[in-house]
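Structure first, commentary second.
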Number of protein chains: 2
Amino acid sequence: MDADPIRERVLDAADALFYQQGIQAVGMDAIRARAEVSLKRLYQCFPAKEALVAAYLRRRDERWITALTDFVENTPATTPRVCAVFDFLAAWFATPGFRGCAFVNAFGELGAVSPLAVQALRSHKERLRTRLVALARRDGVADPESAAAHLLFLVDGAIVAASAGTVADPAGTAREAALRVVTAG
Amino acid sequence: MDADPIRERVLDAADALFYQQGIQAVGMDAIRARAEVSLKRLYQCFPAKEALVAAYLRRRDERWITALTDFVENTPATTPRVCAVFDFLAAWFATPGFRGCAFVNAFGELGAVSPLAVQALRSHKERLRTRLVALARRDGVADPESAAAHLLFLVDGAIVAASAGTVADPAGTAREAALRVVTAG
DNA sequence: TGCCGGGGAGAACGAGCGTTCTCTAGACTA
DNA sequence: TAGTCTAGAGAACGCTCGTTCTCCCCGGCA
């Protein structure tokens, strides 16, 4: 499956460059240079830039959801599952090079032109919402479906705030709000 | 001040095209065509595309905040001020051609390259946060500062959800969450 | 040793962009 | 009427990008 090392190298380079600088701002030659791969090989792996963008978004979706799930599973059971989501966000925001949600950014760049970007945003947020439903249910929240929608808002809002820098501790503040949302009502 | 009609025409064209298709996807010639202005006049008004982008974001910030304020002031006093914010969002989301937050989109496109975009996002969200503090205070919320941060998350999260289409009624659902946030605690 | 196929480096190509320049037509003045 | 200035239309320029093509080298085989 992922036994092709040069394909992985290309995807690593694309991930770093696309996320850091934006998709349109990064040329195929920059990816080729960072991956240390010939242009011919690059186009053998991905027949066009759009295919590379699709693979980039697919892999980032997979990895992000997996990282979130792992983080939540590895937090002590004493903390509510939905709070662990925001602890995960806090760690992510502190990552050097954090630059917001890759799917929201891609939507901003390409949403009007490429259905790929809007589809990627939609499916990523839908997967996240589904995870939030499951976590809310495990916490014994009364209405897991609507709680998950509220939590989804808080997650995306915290990501925007972390990008903008308008709130001092976005993850911690969103965590407080999450506690109120799932306990009140 | 804004007595220059061709400058207004240019800004109208830029607003429509930039918001709809993205900033990088729209060329100066497309703006010239839509504004029905000669290229020479366009460059007399704005010496470079970056100046036009800055003016576009500044005007959109001004108009959006003003529209929100007007909407809130014109809603009956029986509904909490912070709920009126989400009623405003509902009306905005239903607007044809809605394509998310122009500032978040601009940040996704240009954030890594242009300090202008990150500054515009930051100042826009800060202005919004300040308004939310004032509204929360008028509602008699216990801690208006932290309530405003929570509401800001819900607003931005609802905008992302409206873009992605993952939640059926983003504004209404966020409004519920807002009520819980400001009453609980 | 002579031959051949594959892969790397990078030139080439066509398109699109932001920005500037040129040309021309028309309006206003003496 | 002759001259001058302005402004519009659009060609031109330099650059970048995605994609393809060409050339050359190097390893395997008769």
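Proteins come first, then strands; the chains are lettered A, B, ... in the order of their sequence lines, and each starts at number 1. Just so you know, these numbers use all the heavy atoms, side chains as well, and skip hydrogens, waters and symmetry mates.
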Nearest whole angstrom, please: distance from the [atom2] of [N] to the [atom1] of [X].
X: B:Arg32; N: D:dG10; atom1: CZ; atom2: P; value: 8 Å
X: B:Leu39; N: D:dG10; atom1: CG; atom2: P; value: 11 Å
X: A:Ile23; N: D:dT16; atom1: CD1; atom2: P; value: 21 Å
X: A:Tyr43; N: D:dT19; atom1: OH; atom2: P; value: 4 Å
X: A:Glu50; N: D:dC17; atom1: CD; atom2: P; value: 19 Å
X: A:Arg41; N: D:dT20; atom1: CZ; atom2: P; value: 17 Å
X: B:Phe46; N: C:dG18; atom1: CZ; atom2: P; value: 15 Å
X: B:Gln21; N: C:dC17; atom1: CD; atom2: P; value: 10 Å

Does the Lys NZ or Arg CZ of A:Arg60 fall within the cation-pi geometry relative to A:Phe18 - under 6.0 Å from the ring centre and within 45° of the axis? no
Listed nucleotide nearest any side-chain atom of A:Gln44, set C:dG7, D:dA9, D:dT19: C:dG7
Would one find a side-chain N or O of A:Lys49 under 4.0 angstrom from OP1 or OP2 of D:dG18? yes
Select from A:Lys40 and A:Ala25 the residue whose nearest nucleotide in DNA chain D is closer to the 5' end of that strand. A:Ala25
Sidechain N-carboxylate O distance under 4.0 Å for A:Arg127, A:Glu62: yes
Pairing of B:Arg59 and B:Asp12 as salt bridge, 4.0 angstrom limit: yes
Give me the ring orientation class for A:Phe103 and A:His124: parallel if the planes are under 30° apart, tilted from 30 to 60°, perpendicular past 60°. parallel
Within the structure shown, what part of the strands sits under 4.0 Å from A:Val26 by heavy-atom distance: base, sugar-phosphate, or nothing? sugar-phosphate
